[in-house]
Amino acid sequence: MDSSPATLDLDKGKSDCGNSVVVFDPSVLQKQSNIPEAFIWPRCERPHQPEELEVPVVDLKGFLEGDAASTSRTAAAIRGACASHGFFQVMNHKVDAAALHDALRVADEFFELPLSTKLRARRRPGCTWGYVGAHADRFASMLPWKETLSFAYDYSGNRDGVVDYITSKLGEEFQPMGRVHRRYCAAMKDLSLSIMELLGISLRMGRDYYRNFFEDGSSIMRCNNYPPCQEPELTLGTGPHSDPTALTILHQDQVAGLQVFAEGKWRSVSPIAGALVINIGDTFMALTNGRYKSCLHRAVVNRDRRRRSLAFFVCPQADKVVRPAKELLVGRDGGGGVPRKYPDFTWAELLEFTQSHYRTDASTLQNFTQRFLTYSIHLSLSSNNNSNNKAIKTGMNKDASQMEVS
Ligand SMILES: C=C1C[C@]23C[C@@]1(O)CC[C@H]2[C@]1(C)CCC[C@@](C)(C(=O)O)[C@H]1[C@@H]3C(=O)O
Ligand SMILES: O=C(O)CCC(=O)C(=O)O
Ligand SMILES: [Fe+2]
C-alpha cells in the first residue's frame with residue numbers, strides 16, 4: 001500500500017515557505033493499485049450500503065407565485081423536516097436550468113485543468129478561499145477523496161467579486177467561467193432569501209425576519225469534485241460533519257453520494273433531477289436555539305464514476321451577532337425563558353474556529369460553545385474588568401454556566 005499521498009513540489013520544487021507541499025493529484029493517485037494510507041478512514045467511519053432517507057420534496061411553485069394556501073402547506077412541510085433532520089429538497093425553485101447546467105460545466109472545466117494551473121488558485125494558509133486537494137495542506141490523516149474550489153459571494157458587495165477572484169487567480173481567459181459562477185451565485189442568493197422567508201413563516205417569526213437578517217450576508221460557494229476511487233470502501237469524499245454555516249443549497253449531479261445520519265444510521269439522499277437539496281446549518285440552529293436541526297452528513301465516493309456537487313453556504317454578514325429571537329425563548333406554556341443552548345457569537349468567530357482551531361465534524365458548535373464558556377469563565381475569574389468579560393457579550397446572566405450545553 002502506498003505510504004503517502006502524491007507529493008508534488010510547487011513552482012520549481014518549492015512552495016511559498018520553502019517546503020514541498022503534499023497535494024492531491026487524482027491523475028497520479030488513480031493509477032496506483034491502492035489508495036495512500038492518509039486517505040483510509042477508521043473502520044467505524046467507512047461507508048456501508050445505506051437505506052434511503054425520504055426527505056420531503058417541497059414544490060415552491062405556489063409559494064413563489066404568492067399563493068397563501070400553498071405557502072402555509074410549504075412552510076408546514078419545511079417545519080417538520082427542519083425540526084427532525086434539517087434536510088429537504090426543493091422543486092420548481094425558479095433557478096434557471098441553464099444556470100444549473102452551466103455551473104456544473106464550468107466546475108468540470110476547472111477540475112479538468114492541469115494540476116499546475118489549478119494550483120494558481122491554491123488555498124493559502126489561513127484563508128478559506130481557493131483550490132484544495134484533499135485538504136492535504138491542512139490534515140495528515142482521514143483525508144477526503146475530493147478536490148474543492150471555494151470563493152466568497154457577498155450579498156451586498158460588488159457584483160464582480162466572483163469574476164475578479166477567478167480571473168485574478170487563473171487569468172483573464174477565465175472570465176467566462178467567472179461570469180457563469182456569478183450568475184449561479186446570484187440565483188442561489190435569490191433562492192436562499194426566499195427560503196429564509198419560508199423559514200420565518202414556519203417559525204411564526206414572519207417572512208421578513210430571517211430574510212432581513214441574511215440579506216446582507218457573506219456566503220461561500222464551494223465546488224466539490226469527487227474522482228472515482230479504486231478503494232471507495234476505505235475512504236470518504238467528505239467526512240461526517242454538520243455545516244457550520246446557516247443554510248446550504250446543494251446542487252448534486254446524478255451520481256449518488258450524499259448521506260445523512262438520521263434515525264440512528266447513515267441514509268442516502270438520492271439525487272432528484274431538477275431538485276436542489278437544502279439543509280440547516282449550525283448557525284441557523286443557533287438562531288433557533290436548537291429548535292431546527294443542523295444534521296450530520298457526509299459524502300461517499302465510488303469506483304466507476306466521478307461525482308460533483310456545488311454547495312452554496314449561506315452565512316450572515318461576518319460581524320452580525322447570532323442570537324435567537326426572544327420569541328423562540330418563551331416556554332411552550334408561555335412561561336419563563338427557555339435556557340440558551342449557545343452563546344451569542346458572530347459568523348466570523350465560528351468560521352475562524354473551523355479554520356484555525358478545529359476540524360469541522362459532528363460536534364463543531366458544541367465544542368465552539370464549550371470553548372466559549374471556558375474562555376468566558378476564565379475571563380470572569382481572572383479579570384475584574386467587566387468590559388473584557390465576554391460572558392456579557394452572550395447577552396446572558398453573568399453566570400454563563402446557566403447555558404445548557406447539549
Ligand atoms: C465553513 C466551512 C468549513 C467547510 C466548508 C464550509 O464552507 C462549510 C462546510 C465545511 C466542511 C465541508 C465540513 C467537512 C470538513 C471540511 C474540512 C471539508 O471536508 O471540506 C469542511 C470545510 C472546511 O474547509 O473546513
Ligand atoms: O457533496 C456532497 O454531497 C456534500 C458536500 C458537503 O456536505 C459539504 O461540502 O459541506
Ligand atoms: Fe456539508
Side-chain angles (χ1 to χ4, degrees), residues 24 39 41 45 47 50 53 55 85-87 89 104 107 123-139 141-153 217-227 235-261 266-272 275-284 294-302 306-316 318 347-365 368:
F24 173 70
F39 287 90
W41 284 64
E45 298 283 14
L53 178 66
V55 304
H85 47 64
F87 274 79
Q89 297 212 45
L104 274 180
R123 193 185 70 88
R124 304 291 179 178
C127 178
T128 307
W129 322 130
Y131 169 70
V132 168
H135 290 301
D137 58 335
R138 282 167 68 188
F139 309 133
S141 65
M142 296 195 287
L143 298 186
W145 191 266
K146 68 176 174 184
E147 307 171 87
T148 65
L149 175 67
S150 305
F151 46 86
Y153 184 76
S218 61
S219 295
I220 299 167
M221 171 71 183
R222 166 165 281 200
C223 306
N224 293 310
N225 185 53
Y226 302 101
T235 190
L236 290 171
T238 291
H241 69 282
S242 57
D243 293 339
T245 45
L247 188 78
T248 306
I249 304 176
L250 188 80
H251 174 26
Q252 55 176 343
D253 66 10
Q254 291 307 294
V255 178
L258 173 61
Q259 295 185 351
V260 175
F261 193 79
W266 286 105
R267 297 168 183 271
S268 59
V269 176
S270 297
I272 299 173
L276 294 169
V277 180
I278 312 293
N279 66 272
I280 297 292
D282 293 346
T283 297
F284 201 88
S294 172
C295 193
L296 191 57
H297 57 283
R298 71 184 184 183
V300 299
V301 292
N302 71 81
R306 165 191 67 177
R307 178 174 179 264
R308 304 100 89 222
S309 69
L310 305 179
F312 187 82
F313 299 107
V314 184
C315 314
W347 167 239
E349 289 170 330
L350 181 54
L351 177 60
E352 199 267 343
F353 180 65
T354 68
Q355 299 303 297
S356 310
H357 308 288
Y358 192 84
R359 178 171 180 173
T360 309
D361 60 13
S363 315
T364 309
L365 190 55
F368 174 73

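Ligands are counted one by one from 1 in listed order, and the atoms in each one are counted from 1 as well. FYI, side chains are in, hydrogens and waters are out, and symmetry mates aren't considered; it's all heavy atoms of this structure.
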J.: Please tell me if the side chains of Val314 and Ser219 come closer than 4.5 Å, counting only heavy atoms from C-beta onward.
T.: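 Yes, side chains in contact.
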J.: Determine which of the N, O or S atoms in Asp243 is closest to the Fe ion (ligand 3) and give its atom name.
T.: OD1
J.: Quick check: His241 and ligand 2, any N/O pair under 3.5 Å apart?
T.: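 It does: an N or O of His241 is found under 3.5 Å from an N or O of ligand 2.
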J.: Measure the distance from atom 15 (C) of ligand 1 to every protein heavy atom, then report the residue, atom name and distance (to 0.1 Å) of the closest one.
T.: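 Checked against all protein heavy atoms, atom 15 (C) of ligand 1 sits closest to Thr360 O, 3.9 Å.
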J.: Starting from atom 3 (C) of ligand 1, what is the nearest protein heavy atom, named by residue and atom, and what distance separates them?
T.: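 So the nearest neighbour among protein heavy atoms is Gln355 NE2, 3.6 Å.
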J.: Mind checking whether Lys146 has an N or O less than 3.5 Å away from an N or O of ligand 1?
T.: yes
J.: With a 4.0 Å cut-off on heavy atoms, does Arg307 reach ligand 2?
T.: yes
J.: Does some side-chain heavy atom of His135 sit less than 4.5 Å from a side-chain heavy atom of Arg359?
T.: no
J.: Is it the case that His85 and Asn279 place a side-chain donor and acceptor less than 3.5 Å from each other?
T.: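 Not at all, the side chains of His85 and Asn279 share no donor-acceptor pair under 3.5 Å.
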J.: Could you report the tightest heavy-atom contact between Arg308 and Asp253, atom names first, then the distance?
T.: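 Heavy atoms of Arg308 and Asp253 come nearest at N-OD2, 2.8 Å.
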J.: For ligand 1, find out whether one of its N or O atoms is nearer than 3.5 Å to an N or O atom of Trp347.
T.: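 Min N/O separation from ligand 1 is not below 3.5 Å for Trp347.
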J.: Determine whether a donor-acceptor pair (N or O, by modelled atom type, separation under 3.5 Å) exists between the side chain of His297 and the backbone of His241.
T.: yes
J.: Should Trp129 and Ile220 count as side-chain neighbours, where that means a heavy-atom distance under 4.5 Å?
T.: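 Yes, their side chains come closer than 4.5 Å.
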J.: What part of Leu351, side chain from CB on, backbone N/CA/C/O, both or neither, has a heavy atom under 4.0 Å from ligand 1?
T.: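 For Leu351, only side-chain atoms sit under 4.0 Å from ligand 1.
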J.: Do me a favour and list the nearest non-hydrogen protein atom to atom 23 (C) of ligand 1 with residue, atom name and distance?
T.: Arg138 NH1, 3.5 Å
J.: Looking only at non-hydrogen atoms, which of Thr238, Asn224, Leu310 approaches atom 9 (O) of ligand 2 most closely?
T.: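 Nearest option to atom 9 (O) of ligand 2, by heavy atoms: Asn224.
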J.: Can you tell me which residue and heavy atom of the protein come closest to atom 17 (C) of ligand 1, and the distance to 0.1 Å?
T.: His135 NE2, 3.7 Å
J.: Is a side-chain donor or acceptor of Arg123 paired with a backbone partner of Val132 at a separation under 3.5 angstrom?
T.: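 A pair under 3.5 Å: no.
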J.: Just let me know how Leu250 lines up against ligand 2, side chain, backbone, both or neither, with a heavy-atom cut-off below 4.0 Å.
T.: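 Under 4.0 Å from ligand 2, Leu250 contributes side-chain atoms alone.
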J.: What angle sits at the Fe ion (ligand 3) between NE2 of His297 and NE2 of His241, to 10°?
T.: 90°
J.: Tell me which one of Trp41, Tyr226, Phe24 satisfies ring-ring contact (aromatic ring centres under 6.0 Å, His included) with Trp145.
T.: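 Going through Trp41, Tyr226, Phe24 one by one, the ring-ring contact (aromatic ring centres under 6.0 Å, His included) with Trp145 is satisfied by Phe24 alone.
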J.: Select one of side chain, backbone, both or neither to describe which atoms of Asp243 lie under 4.0 Å from any atom of ligand 2, heavy atoms only.
T.: side chain
J.: For atom 10 (C) of ligand 1, what's the nearest protein heavy atom and its distance?
T.: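 It is Pro244 CD, 4.2 Å.
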J.: I need the Glu349 CD to Thr354 OG1 distance, nearest 0.5 Å.
T.: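 Rounded to the nearest 0.5 Å, the CD-OG1 separation comes out at 12.5 Å.
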J.: How far apart are the closest heavy atoms of Pro144 and Phe39, and which atoms are they?
T.: O-CE2, 3.6 Å
J.: What protein heavy atom lies closest to atom 4 (C) of ligand 1? Include the residue and the distance to one decimal.
T.: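 In this structure, atom 4 (C) of ligand 1 has Arg222 NH1, 4.4 Å as its nearest protein heavy atom.
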J.: When Tyr358 is tested against each of Phe353, Phe368, Phe139 for ring-ring contact (aromatic ring centres under 6.0 Å, His included), which residue passes?
T.: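 One option only clears the test, and that one is Phe353.
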J.: Of the non-hydrogen atoms in Ile272 and Gln89, which two are nearest, and what is the gap between them?
T.: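 Smallest heavy-atom distance, with atoms named: CD1-NE2, 3.7 Å.
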J.: Give the atom numbers and elements of ligand 2 that come within less than 4.0 Å of a heavy atom of Phe313.
T.: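 Near Phe313, the atoms of ligand 2 are 8 (C), 9 (O), 10 (O).
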J.: Rounded to the nearest 0.5 Å, what's the gap from CG on Leu236 to CG on Leu143? Could you check?
T.: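 Leu236 atom CG to Leu143 atom CG measures 11.5 Å (nearest 0.5 Å).
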J.: Just need the protein heavy atom nearest to atom 5 (C) of ligand 2, so name the residue and atom and give the distance.
T.: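 Of every protein heavy atom, Tyr226 OH, 3.5 Å lies nearest to atom 5 (C) of ligand 2.
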J.: What is the nearest protein non-hydrogen atom to atom 7 (O) of ligand 1, stated with its residue, atom name and distance?
T.: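 Among all protein heavy atoms, the one nearest atom 7 (O) of ligand 1 is Phe313 CD1, 3.5 Å.
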J.: Numbering the atoms of ligand 2 from 1, which are under 4.0 Å from a heavy atom of Ser309?
T.: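 Near Ser309, meaning under 4.0 Å from one of its heavy atoms, ligand 2 has 1 (O), 2 (C).
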J.: Checking contacts here: is it the side chain or the backbone of His297 that comes within 4.0 Å of ligand 2, counting heavy atoms only? Could be both or neither.
T.: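 Only the side chain of His297 comes within reach of ligand 2.
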